[in-house]
Structure formats: structure tokens, C-alpha cells
Amino acid sequence: MSGVARIWQAYQLRRKRQLRLGRALRKRRELQVLVNRTDAIRPRDILLFATLRNERARLPSFLAHYRRLGVSQFLIVDNGSTDGSADYLGAQPEVSLWHTTASYRDSRFGMDWVQGLLMRYGHGHWCVTVDADELLVYPHHDTRALPALTEWLEAGGEEMFGALMLDLYPRGPLDSVRFAPGQDPLEVLTWYDAGNYTIARKPGLEALWIQGGPRARAFFADQPARAPTLTKVPLVKWHWRYLYLNSTHALLPRHLNRIYDTEGGEKPSGVLLHTKFLPQIAAKSAEEKQRRQHFGEPGAFDAYYDALIAAPDLWTPASTPYRGWQQLEAEGLMSRGGWG
Amino acid sequence: MSGRLGFVMLVHTALDRAAQVARFLAASGNPLVIHIDARVGAAEHGRFVQTLADLPGVRFSRRHRCEWGTWSLVAAMLTAAQTLLDAFPRVERVYTLSGACLPLRPVADLEAWLDRHPDTDFIESVNVADVNWTKGGLSEERFTLYFPIGFKRNKWLFDRLVDAQRLLRTRREVPDGLTPHIGSQWWCLTRATLNAILTDPMRPHYDGYFKRVWIPDESYFQTLVRLHARRIEGRSLTLGKFDHQGRPHVFYDDHLQLLRRSDCFMARKIWQGADRLYAHFLAPRDAPLSDAEPQPSRIDRHFARATSQRIRGRAGLYMASRFPVANRENGKTAEPYSVFQGFTEVFQDFEGWLAAVANCRVHGHLFAPHKAEFAGREKIFAGGLSDSATLRDYNPRAFLTNLLWSTRGERQCFQFGPADTQGRNLDLLRFMATDSNAQISVISGAWAVPLYRAGGDFGTLRKEAARLQRIESQMLDLLQSPEVRARIRIWTMAEFLENPAEPLHTLFDEIAPHSQARLMRIPDLVDLSGFGTFLQALRNQGMQPVLMGDFPLTPASPDPSHRMK
């Protein structure tokens with residue numbers, strides 16, 4: 001690319017970032033505060049940001065997982081839950097809660113709201129931004145809490161930590177397993193695809209575009225380009241200027257997408273265990289298909305929803321049972337980098 | 001017989017941990033002087049001093065504002081050392097540590113060990129001309145340029161000042177008699193040596209010089225000790241490992257066993273949240289004295305592995321945090337593999353035969369147009385690879401690297417040919433041809449055999465033959481280009497059929513060196529009795545089949561029952 005084109009591109013991305021940040025500021029008005037415990041945030045705390053809707057069944061294990069990792073404060077937007085999620089969250093000692101019934105899609109799938117909160121409360125903190133069905137694991141997470149990781153990253157001049165989103169699924173049809181609300185989803189969803197991921201580099205953003213996994217092979221075999229993006233940057237030392245561009249797949253400024261080494265080495269990285277495929281998925285998919293809130297072109301994904309509503313069996317003899325981070329690292333799905 | 005070993009401790013953060021360590025050291029009956037960074041706030045400082053107020057052997061030295069890489073750290077060390085020597089005349093040895101150090105063995109072990117090594121100074125001190133482990137490009141220049149400001153205060157200005165001095169060819173004079181040495185600032189010196197350094201009449205001159213040296217805390221004592229010491233042992237008694245950026249590795253709870261096994265006296269640096277480490281190593285022990293020798297090398301492998309993973313990565317792995325640009329892969333694929341072109345075409349059940357004679361996984365045409373022909377025609381193969389052609393062709397290269405990564409430890413063999421998916425501009429073959437793990441064997445022109453055997457409309461066959469020949473010609477050009485790194489063998493079909501046993505034999509020696517392949521029957525050839533006529537028919541239609549070589553009109557089939565020789 002010529003120098004002029006490069007400067008023009010940089011300018012456009014900068015402009016885009018500014019517009020999006022402005023939009024997030026405006027969208028803050030859609031949020032109504034229910035519980036605000038942000039006074040309790042101390043300078044080096046690790047914060048977690050999420051937008052969710054009807055996740056009551058996942059919340060206990062979700063909060064427990066991130067508390068164990070050393071998250072100090074949770075800042076959550078409840079997008080009109082009707083299953084008691086808000087009451088449950090409001091009663092937790094370290095949760096600040098906002099409420100909105102505005103459109104999830106019009107808020108860039110909840111990102112505008114989270115962006116506004118990040119801008120206001122995240123500046124200067126290491127921030128985890130995830131969905132309620134995403135559990136972050138990384139090398140040594142069982143013995144080294146997030147503050148150990150973030151201190152080490154920071155000492156090495158890093159500002160972010162990347163992860164692969166790994167779809168977990170049960171053996172047998174998705175609705176054939178039993179899941180009690182509040183149970184740990186990892187007890188039910190125990191399988192994953194270990195080695196069918198494709199990676200391309202998005203030249204403009206310098207981000208990797210990772211696809212694959214069970215959803216690509218089961219639902220998008222005919223149109224792989226539409227298969228979900230699995231690149232994630234869930235942990236960032238936040239600056240108010242930063243912007244999550246497209247879910248948590250990519251950020252601006254672009255250097256935040258360089259979660260990978262291009263010279264042959266491995267940067268440290270983790271895995272987001274994706275617990276989407278709990279038995280409730282069929283009912284949720286039917287609802288989401290109705291609400292049309294999840295994709296840019298709603299109709300285009302009807303076939304995907306129909307397939308999910310039919311509760312398929314994603315398991316194959318080539319599936320791998322989840323046995324912890326050591327295995328994920330050995331399989332090359334995450335890396336300790338130089339964090340020995 | 002305690003009280004003869006004195007400690008100097010530099011503290012700037014995690015004061016509660018430093019206090020724990022101070023208490024542990026003081027409990028041995030040995031004195032301790034603590035320097036607290038002047039940047040620590042008054043309240044925090046007061047609390048810290050208060051916590052240790054009950055310990056008579058603990059003193060606090062005059063405080064300096066410490067900035068990494070600058071003279072302030074040496075100044076702090078000098079002040080504290082002077083305080084220690086003045087206040088505790090019985091002290092014979094001085095051991096320096098930081099607030100992030102953790103004693104791994106009882107102090108009595110260390111005292112006894114030092115008694116067995118009298119009059120020895122333990123300090124890492126390497127001639128700067130001989131080091132290769134300084135990171136960031138500055139080694140000798142640390143001593144020959146001026147460094148008026150710290151790197152952390154203004155990185156940009158720091159770099160510009162270095163650039164400017166390089167441009168001006170600045171070259172400071174090293175004071176007479178000094179040879180710059182560098183090393184860890186965590187040392188253990190004898191009173192005599194330390195005293196000689198502190199009272200050297202030339203000290204104001206040396207200090208003036210070192211005030212403008214970069215990272216003097218790693219060179220001041222390390223250089224001056226060479227003037228005064230009687231016996232230097234060039235190592236630090238404090239265990240510390242450095243990563244690829246030259247930063248110290250941090251120890252966490254999961255390193256407990258490693259640290260125990262090292263038998264070192266002290267380790268740094270410890271993560272302040274490592275509750276288990278602090279609880280374990282600072283617990284009162286009444287074990288008998290151990291005279292085990294420190295073995296820092298015992299933990300080397302663990303950290304060397306991490307460092308290598310960070311720098312070189314794992315060959316053949318493409319993932320979220322490793323996506324090398326071309327030719328930086330340190331190995332394009334994970335394992336050696338074999339690609340056969342034209343073999344299934346001329347032999348009957350080549351796959352079955354190969355799988356039976358060689359201990360490897362034999363696939364069909366993995367890149368066949370309709371689907372990936374996995375061994376056993378599995379629908380989903382290792383790692384979750386689908387046999388869907390659309391999925392595979394979305395990123396054929398990733399398909400191959402994934403397969404080879406997921407099947408590490410088992411050699412993969414597959415069939416390939418001009419009728420298969422090639423990727424854009426023969427991308428797939430280009431990738432394999434430049435991969436030193438690939439063994440590519442080609443019987444050129446063999447693609448015509450299935451056409452001949454399929455029969456049907458000759459016009460269609462002729463067109464297909466022309467297409468395949470065009471593709472295979474390009475493939476052969478690529479395989480003969482200078483940048484190839486694979487083991488490549490090419491025979492024309494006519495050449496190959498003259499004596500098929502010989503080439504198979506050669507291939508086998510590479511795939512399965514210890515197998516008994518040479519004793520086995522070679523697979524039967526397909527019936528080629530009308531093939532020469534078929535080729536002639538193509539010629540008659542104006543299509544010139546050349547890649548199979550001079551194929552006779554009526555071939556003399558080799559005796560199918562003969563053995564490989």
C-alpha cells in the first residue's frame with residue numbers, strides 16, 4: 001500500500017473510532033442505573049464488563065469463575081431480562097448494574113453500552129469484556145490469578161491479551177443433557193474441536209480472523225465465510241480512547257489487535273470457553289430468530305437458527321474432552337508465551 | 001554463631017511482603033539494614049517501620065528516590081551498606097537483596113555454607129566485552145556514553161540522546177585501572193572487600209564516572225570488586241532467571257517444587273500474591289542444617305522451554321497468538337509427510353498396499369474436488385477436520401497444517417494430482433514444495449490413466465486431458481524451481497513403469513527406514529494394455545500428451561509377481 005493510502009486509511013479508522021465513541025456516549029442515555037457500586041473500585045482493580053439478557057442459569061458459575069480469577073468489580077448491563085437475572089445480580093456485593101430495554105442490535109449488539117461504561121470506569125484498569133457464556137482460561141489460571149497475569153503483561157509492555165473462542169458441546173443432541181440452573185456448564189459441556197481452525201489476517205485492522213470449530217463444520221459447511229469469528233481480545237488495559245470495533249473481535253487503535261507474533265514466536269494467549277450450547281439453546285434460538293437482534297442481516301442466519309432449534313448432535317469421534325489448560329496449551333489452542 | 005552475616009534490603013513496593021522477609025531474616029539473629037525508596041509515601045513508610053519496630057537488629061538507612069537504571073540505586077546501596085558496617089562491627093559478610101526476594105533455606109544454612117567458603121566474594125561480574133546477554137542493544141555503550149536521564153522518565157529523549165551521542169562519536173574515558181564488568185546487583189561480599197570499595201581514596205572519582213553510566217547498579221560493585229577482592233566467585237547466590245527481554249522471570253505458587261529442588265538460598269523475584277510460596281518458605285523450620293549445594297541449573301529447563309516457546313514457537317503451529325509471516329515459521333508444518341502423485345493411478349489399491357507395508361496413515365486424494373478422502377473415508381478426522389470440500393477449500397493450506405499438527409507423531413501420506421484443489425495460483429503445492437517436511441513423489445502423466453479407464457465421450461476426455469496436462473506442467477515447473485525445500489522425485493510414467501520396484505524401494509527407505517518393505521510384493525499395476533492406443537488417439541485428435549514420456553503403443557507389462565530387489 002502506498003504511503004498516501006496508508007495515511008488515508010489511518011485517518012479513516014481514527015474518524016471511525018471517534019464517531020463510535022461519540023455514539024457510545026450518546027447511548028449511555030439508554031442506560032438506567034440500578035445499583036452503582038463503582039465507588040468501591042480501587043486503582044489496580046481488575047474490572048469485568050458484560051451485557052446480558054436472561055442468563056440467570058449461568059450467572060452463579062459465571063461470577064464464581066471470574067471471582068476466582070481475581071476480578072474485583074463487575075459492571076453489567078441487563079438488556080431487559082425477564083428471568084430474574086437483574087435481581088440476582090443486584091444482590092451481589094461487587095456488581096454494579098445498569099438496565100435498558102433498548103434494542104440490542106441498534107446498540108451494536110450491546111457493545112455501545114459496554115463501551116460507554118468502559119470509557120467512564122475502565123480507564124487505567126485491566127478490563128475483561130465478555131458475554132455471560134464466555135469463561136476465560138489461560139495458562140496457569142488455576143495457580144496465578146489475573147493480577148499476576150496483568151502485572152506480568154504490563155511489565156513486558158503489553159496492553160492486551162488475546163484468546164480463541166472455543167465452542168464447547170455435549171455428547172449427544174444438544175437437548176439431551178440435563179443442566180440444572182446454577183450448575184457449572186463445564187460439567188455438562190465437555191467436548192470441543194481441537195484442530196480445525198482457519199486463520200486469515202485482516203490487512204486493514206491487522207487483526208487475525210479465526211473461524212472453524214463445530215459451528216463451522218455443522219452449520220456453515222456450505223458457506224464457510226459466514227462461520228462465526230472466533231478471535232477475541234477479552235482483556236485490555238483500558239484507555240478511554242480505545243474502542244471495541246466489532247464485538248470483542250477487534251479494537252481500535254489497530255495495535256491492540258496484535259495479539260500474535262509474526263516472527264515465529266508465540267505470544268501468551270488464552271481461550272474463552274464458550275458455553276453457548278446448553279440445553280436451553282433450542283428455546284433461546286427460537287426466541288432470537290424471532291427478535292432478530294443478533295446479526296447485521298437478520299434473515300441470512302435463519303438456517304443457522306433452524307439448525308440450532310433442531311438440537312443437533314455436534315459430537316464426533318474426533319471430538320476432544322476438556323481436561324484443563326495444560327491440554328489446551330499442548331494442543332496449541334493457547335500459549336504461555338514466555339510466561340514460564 | 002550468628003550476627004556475622006548482615007543483610008542489605010532495598011524495598012520499593014509490596015512492603016507487607018518485604019516486612020515478612022525482614023522478620024524472617026532478623027529472626028536468625030543477624031542484622032538487617034533496609035532502604036525504603038523515598039517515593040514510598042509517608043504513611044506507608046511509617047506503618048512499615050512500625051511493623052518492624054520490635055526487631056533490635058533492623059535499621060533503616062537514609063532514603064534516596066530510586067529510579068530504575070540510574071545512580072540512585074547505587075547510592076541507596078552504598079548508604080545502606082555503610083550504615084550496616086558502621087552499626088554492626090561484628091558483621092563479616094554482607095548480602096544484598098530486594099523486597100521481592102524470598103529466602104528458600106534457613107539463614108543458618110547460608111551462614112554455615114559461607115563459613116565453608118572463607119574470604120570469598122560472591123558476585124556475578126562479567127567483562128562487558130564478553131557478554132551477550134544484555135538486551136536492548138546497549139552493552140559497552142553503557143560505559144562510553146552519557147546517560148543524564150533515566151529510560152523510564154522519558155523513553156523518547158533517552159533514545160534521542162543515545163542517537164545524538166552515536167552521531168557525535170562520543171566516547172567517555174573509563175577511569176584508569178577500571179575494566180567495566182556487569183552482573184546481578186544481588187551479591188554477597190566480605191567486609192574487607194566492601195570496606196575497601198567504600199573507603200577507596202579514588203571513590204569520588206569513580207562515583208562521578210558511574211553517575212553517568214547506564215544501569216550502574218549492575219556495574220558499580222561488579223567493576224570495583226575486581227580492584228579489591230581477594231577471591232571472586234563469579235555467581236550470584238540469589239536465584240534469578242531472565243526472559244527473552246532481559247526481565248527477571250517471576251516465581252508463583254506453582255513454582256514451589258522447582259524452587260525447593262534448586263537448593264538455592266534466595267530467589268527473586270517473587271510475585272507478591274504468591275501466598276503459598278511465602279507461607280512455605282517463611283514457615284519456621286526445625287530441620288537440621290543442610291549442606292546441600294545450590295543448584296540453580298535445576299530449574300533452567302522449565303524457563304528455557306518457555307523462552308524458546310516465546311521466541312521460536314512450536315513448528316507447524318498456527319494459532320491466535322502465533323501467525324508467522326512467510327519464511328518466519330521455524331518449520332512450516334509440524335511433521336514429515338509424503339505426497340504421492342500418480343501412484344493410485346498406475347497401481348491397484350496403492351493406498352491399501354502402502355498402509356499395510358508402512359507404519360503411517362494413508363489418505364486418498366485429500367484435496368479431491370468432491371471431498372477430502374481421509375483414510376478409512378472418515379467424515380470427520382483428527383481435530384475435527386471435516387471432509388467437506390467447501391470447508392477445506394476455504395483455506396486449503398490451513399487444512400493441511402491442521403491435519404499435520406493434529407496427527408503429530410504419526411506420518412501422514414496422501415495422494416495428490418492435477419485434478420485436485422490447488423488453491424489460488426498453485427498455492428498449496430507452492431507451500432508444500434517449500435516445506436522441508438514434505439516428500440513429494442510424482443509419476444508425471446499418470447492422470448491420463450483414469451481418463452483412459454473411464455472411457456466415454458472422447459471429446460470430453462480430450463478436453464479434460466488437455467486441462468490436466470496444463471496444470472501438471474505448471475506443477476512440475478514449480479517443483480523444479482530453485483526455492484524448493486521438499487524432497488522431490490519426478491519420473492515420467494514411461495520411466496517409472498520400466499522398473500517400478502526401484503523407485504518404490506527408494507521412497508520406502510525414507511518413509512519407513514526399518515520396515516521390511518523390500519521383501520514385500522509390489523502392488524499390482526492397473527491394466528494398461530490399451531493405454532498406448534488411447535494416447536495415440538489423443539494425438540490423432542490434435543492433443544499432444546507429453547508428460548508421460550515415450551510410452552510404447554503396446555507396453556510390455558513388468559512381471560507383477562517379482563519382488564523388490
Side-chain angles (χ1 to χ4, degrees), chain A residues 70 140 142-145 147-148 151-152 155-157 162-164 192-201 208 210-214 216-217 220-225 230-232 259-269 271 316-320 331-340, chain B residues 241 243-245 247 249-250 252-255 271-274 276 299 302-325 328-331 334 378-386 388 390-395 397-399 402-403 405-407:
Chain A
H140 310 295
D142 47 354
T143 50
R144 308 181 193 175
E151 274 175 34
W152 179 78
L164 169 76
Y192 63 93
D193 284 10
N196 55 6
Y197 301 93
T198 63
I199 309 180
R201 207 163 146 187
L208 293 187
I210 309 180
Q211 294 170 289
R217 68 173 157 79
F220 296 93
D222 298 330
Q223 36 181 0
L230 305 177
T231 324
K232 288 275 183 174
I259 56 174
Y260 53 98
D261 190 304
T262 54
E263 298 297 303
E266 296 173 28
K267 279 198 170 190
S269 61
V271 158
T316 80
S319 299
T320 310
E331 285 165 341
L333 295 168
M334 59 156 77
S335 177
R336 71 183 66 189
W339 201 30
Chain B
K241 292 286 159 199
D243 70 4
H244 69 290
Q245 291 175 314
R247 287 186 297 138
H249 274 297
V250 180
Y252 303 94
D253 283 346
D254 46 289
H255 291 127
W271 183 51
Q272 57 168 303
R276 243 181 98 207
I299 70 164
H302 177 86
F303 290 103
R305 199 195 128 198
T307 301
S308 145
Q309 189 159 310
R310 178 66 190 84
I311 297 172
R312 288 189 58 79
R314 289 170 277 180
L317 175 63
Y318 300 84
M319 62 171 309
S321 57
R322 178 181 205 259
F323 198 62
V325 294
R328 291 291 189 161
E329 298 94 345
N330 302 324
E378 304 275 355
K379 293 194 73 62
I380 306 284
F381 198 70
L385 282 178
S386 161
S388 150
T390 330
L391 277 178
R392 177 200 64 200
D393 295 347
Y394 185 53
N395 193 334
R397 194 193 276 206
F399 179 88
N402 276 334
L403 176 76
W405 175 259
S406 296
T407 57

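When reading the values below, keep in mind they use all heavy atoms of this one structure, side chains included, and skip hydrogens, waters and symmetry mates. Below, chain A is the first sequence line, B the second, and so on; all start at residue 1.
- For the pair W339(A)/H140(A), a side-chain contact is recorded, criterion being any heavy-atom separation below 4.5 Å from C-beta on.
- The choice from D254(B), I380(B), L385(B), D393(B) that makes the most heavy-atom pairs within less than 4.5 Å of chain A is D254(B).
- Only the side chain of F303(B) comes within contact range of chain A, with at least one heavy atom under 4.5 Å from a heavy atom of that chain.
- Only the side chain of T316(A) comes within contact range of chain B, with at least one heavy atom under 4.5 Å from a heavy atom of that chain.
- E266(A) places a side-chain N or O within 3.5 Å of a backbone atom of R314(B) that can act as its donor or acceptor partner.
- With a 4.5 angstrom heavy-atom cutoff, P147(A) touches chain B via backbone and side-chain atoms both.
- With chain B as partner, the option from G162(A), A163(A), G212(A), A148(A) having the largest number of non-hydrogen pairs under 4.5 angstrom is A148(A).
- Among the candidates A216(A), S319(A), A225(A), the residue making the largest number of heavy-atom pairs closer than 4.5 Å to chain B is A225(A).
- One finds the CZ atom of F220(A) at 9.5 Å from the CD atom of Q211(A) (value rounded to the nearest 0.5 Å).
- The contact between L208(A) and chain B is made entirely by side chain atoms (from C-beta outward), counting heavy-atom distances below 4.5 Å.
- Although no hydrogens or angles enter the test, the distance criterion places a donor-acceptor pair under 3.5 Å between the side chain of N402(B) and the main chain of Y197(A).
- T198(A) touches chain B through backbone and side chain together, each having a heavy atom under 4.5 Å away.
- For a residue to count as touching a neighbouring chain, one of its non-hydrogen atoms must lie under 4.5 Å from one of that chain's; by this rule A306(B) touches chain A with backbone and side chain alike.
- Taking the ring axis of W152(A) as reference, the NZ or CZ atom of R144(A) does not stay both within 45° of it and closer than 6.0 Å to the ring centre.
- Comment: D243(B) does not engage R310(B) in a salt bridge, judged by the lack of any side-chain N to carboxylate O separation of less than 4.0 angstrom.
- The most heavy-atom pairs under 4.5 Å with chain A, out of G313(B), P324(B), S321(B), come from S321(B).
- Contact tally against chain B (heavy-atom pairs below 4.5 Å) for I210(A), T143(A), I199(A): the top residue is I199(A).
- Interface residue R312(B): only backbone heavy atoms are found under 4.5 Å from chain A.
- Residue contact with chain B, scored on non-hydrogen atoms closer than 4.5 Å, is absent for Y192(A).
- A side-chain donor-acceptor contact under 3.5 Å links W405(B) to the backbone of E331(A).
- Side-chain contact between H255(B) and H249(B) is absent, with no heavy-atom pair separated by less than 4.5 Å.
- Ranked by non-hydrogen atom pairs under 4.5 Å with chain B, the options G337(A), A194(A), P317(A), S269(A) are led by G337(A).
- Note on T390(B), L391(B), T307(B): by heavy-atom pairs under 4.5 Å with chain A, the leading option is L391(B).
- When the candidates R328(B), Q309(B), M319(B) are compared by the number of heavy-atom contacts under 4.5 Å with chain A, Q309(B) comes out ahead.
- Among E151(A), K232(A), Q223(A), the residue making the largest number of heavy-atom pairs under 4.5 Å with chain B is E151(A).
- Heavy-atom pairs under 4.5 Å with chain A were tallied for I311(B), N330(B), D253(B); the largest tally goes to I311(B).
- Both the backbone and the side chain of I259(A) come within less than 4.5 Å of a heavy atom of chain B.
- A donor-acceptor contact shorter than 3.5 Å links the side chain of R322(B) to the backbone of E329(B).
- Residue F399(B) holds its CZ atom at 10.5 Å from CG of N196(A), rounded to the nearest 0.5 Å.
- Ranked by non-hydrogen atom pairs under 4.5 Å with chain B, the options T262(A), D193(A), L164(A), D142(A) are led by T262(A).
- Contacts between L333(A) and chain B at a heavy-atom distance below 4.5 Å involve the backbone alone (N, CA, C, O).
- With contacts defined as side-chain heavy-atom distances shorter than 4.5 Å, the pair R336(A)/R305(B) qualifies.
- For the pair S388(B) and A221(A), the tightest heavy-atom approach, listed with the atom from each and the gap, is OG-O, 3.8 Å.
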